[in-house]
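Since the structure comes first, as structure tokens, the remarks are kept for the end.
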Amino acid sequence: MTATPLIAGIEIGGSKCICILARSPEDIVEQVRIETRDPAATLNEVDAALERWHGEHRFAAIGLAAFGPLELNPASPHYGAIVSTPKPGWSDTPITSRFARFGVPIGLDTDVVGAARAEQRWGAAQGLADFAYMTVGTGVGVGALVADRPILGRGNAEMGHMRVSRLAGDDWPGICRFHGDCVEGLACGPAITARHGPGAVAADWPGWATVEHALAMLIHNLVVTLQPQQIIIGGGVASGQASLIDAVRRRALESLAGYYTASDLPDDFLIAPGLGTQAGPLGAIALGLSALES
Ligand code: ADP
Ligand code: ZN
């Protein structure tokens with residue numbers, strides 16, 4: 001019997017980076033959280049964790065799941081870099097090359113495709129080849145698998161920046177630096193903070209209607225374009241507001257207006273991650289395992 005390989009995973013998020021040393025969700029050796037600051041300080045700290053783990057345990061592969069946009073075309077001289085991201089200081093930051101010296105296979109994809117792969121391997125999407133993982137956190141992002149492949153054209157899809165019809169009577173401008181009221185500009189954590197002000201956001205805050213509506217419109221668009229068998233909604237905003245997924249489901253069905261009804265969509269069509277808040281970090285492990293297997 002061959003032992004399951006040990007993988008070092010790094011989920012590089014807009015607010016935090018999670019470094020995880022694991023074989024599977026049931027076999028996590030260590031997990032550390034590093035605040036996302038400028039690239040040099042953040043990646044130096046990540047590097048130190050990996051250095052220590054490689055010395056103590058010897059991992060077989062590295063998985064990197066990062067916010068994007070990423071250069072994922074292997075033919076590009078910039079393969080493995082975060083490219084022109086709105087996140088200050090992070091544009092043109094090479095990621096994979098920093099970890100090449102460990103001499104192990106490196107898997108890289110977006111944080112949302114990573115989380116989708118983790119849900120497919122261990123979580124709610126087992127057996128599915130057409131589904132999407134959406135995060136609602138520091139940003140809004142969607143990792144969609146179509147025929148078991150992530151959408152990858154000129155670059156990775158950035159569906160959180162879709163522009164959708166606005167909730168009737170709401171003209172709050174949104175906070176996306178590029179688009180104002182794209183879905184991310186209306187529904188990400190920083191948008192909620194900008195509109196609500198500092199402090200805890202009550203479950204009955206009226207601004208949730210805007211968030212729910214924007215996400216439901218994005219779901220409508222995903223349903224009619226990608227024909228997903230399932231859409232998983234994770235991220236800090238979704239996990240912090242228990243009623244969000246049900247509200248989004250209701251608004252999405254209302255918007256689909258009978259073209260697709262609840263009975264057309266499986267019971268588990270719109271759900272929270274099977275892996276809970278570990279979907280993101282385990283995404284990095286799944287990407288490392290895939291790199292090792294391929
Ligand atoms: P990242 O996007 O860095 O991976 P998360 O998915 O945890 O991180 O998202 C962090 C964002 O979620 C922050 O903007 C935070 O303000 C927001 N957030 C976390 N909990 C809640 C909550 N209960 N209500 C609203 N926003 C929240
Ligand atoms: Zn935008």
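Excluded from the calculations below are hydrogen atoms, water molecules and symmetry mates; all remaining heavy atoms, backbone and side chain alike, are included. Atoms within each ligand, like the ligands themselves, are counted from 1 in listed order.
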Legend entry - Structural part of Pro190 in contact with ligand 1, heavy atom criterion under 4.0 angstrom: both
Atoms in ligand 1 with a heavy atom of [X] nearer than 4.0 Å:
{"X": "Gly235", "value": "6 (O)"}
{"X": "Gly14", "value": "3 (O)"}
{"X": "Gly240", "value": "23 (N)"}

Legend entry - Aromatic ring pairing Phe99/Phe102, orientation class (parallel under 30°, perpendicular over 60°, tilted between): parallel
Inset, instruction - Look at the rings of Phe59 and His54 and say which category their plane angle falls in: under 30° parallel, 30 to 60° tilted, over 60° perpendicular. - result: tilted
Can you find an N or O of [X] that's nearer than 3.5 Å to an N or O of ligand 1?
{"X": "Ser15", "result": "yes"}
{"X": "Val136", "result": "no"}
{"X": "Lys16", "result": "yes"}
{"X": "Gly13", "result": "no"}
{"X": "Thr138", "result": "yes"}

Inset, instruction - Apply the test salt bridge (Lys or Arg N to Asp or Glu O under 4.0 Å) to residues Asp38 and Lys87: give CA-CA distance (whole Å), side-chain angles for both, the deciding distance (0.1 Å), then the verdict. - result: CA-CA 10 Å; Asp38 64 278; Lys87 192 162 174 62; over 6 Å; no
Inset, instruction - Establish, from distance only, whether the side-chain atoms of Gln278 and Gln31 form a donor-acceptor pair under 3.5 Å. - result: yes
Inset, instruction - Verify the neighbour count for atom OH of Tyr259: are there more than 12 heavy atoms of other residues, nucleotides or ligands below 6.0 Å? - result: no
Inset, instruction - Using only N, O or S atoms, tell me which atom of His179 is closest to the Zn ion (ligand 2). - result: ND1
Which protein heavy atom lies closest to [atom], and at what distance to 0.1 Å?
{"atom": "atom 15 (C) of ligand 1", "answer": "Gly189 CA, 4.5 Å"}
{"atom": "atom 6 (O) of ligand 1", "answer": "Gly236 N, 2.8 Å"}
{"atom": "atom 9 (O) of ligand 1", "answer": "Gly137 CA, 3.2 Å"}
{"atom": "atom 16 (O) of ligand 1", "answer": "Thr193 OG1, 4.2 Å"}

Legend entry - Heavy atom of Gly280, distance to ligand 1 below 4.0 Å: no
Legend entry - Metal site angle (apex the Zn ion (ligand 2)), SG from Cys176 and ND1 from His161, 10 degrees: 110°
Legend entry - Heavy-atom nearest neighbour of atom 17 (C) of ligand 1 within options Thr135, Thr36, Val237: Val237
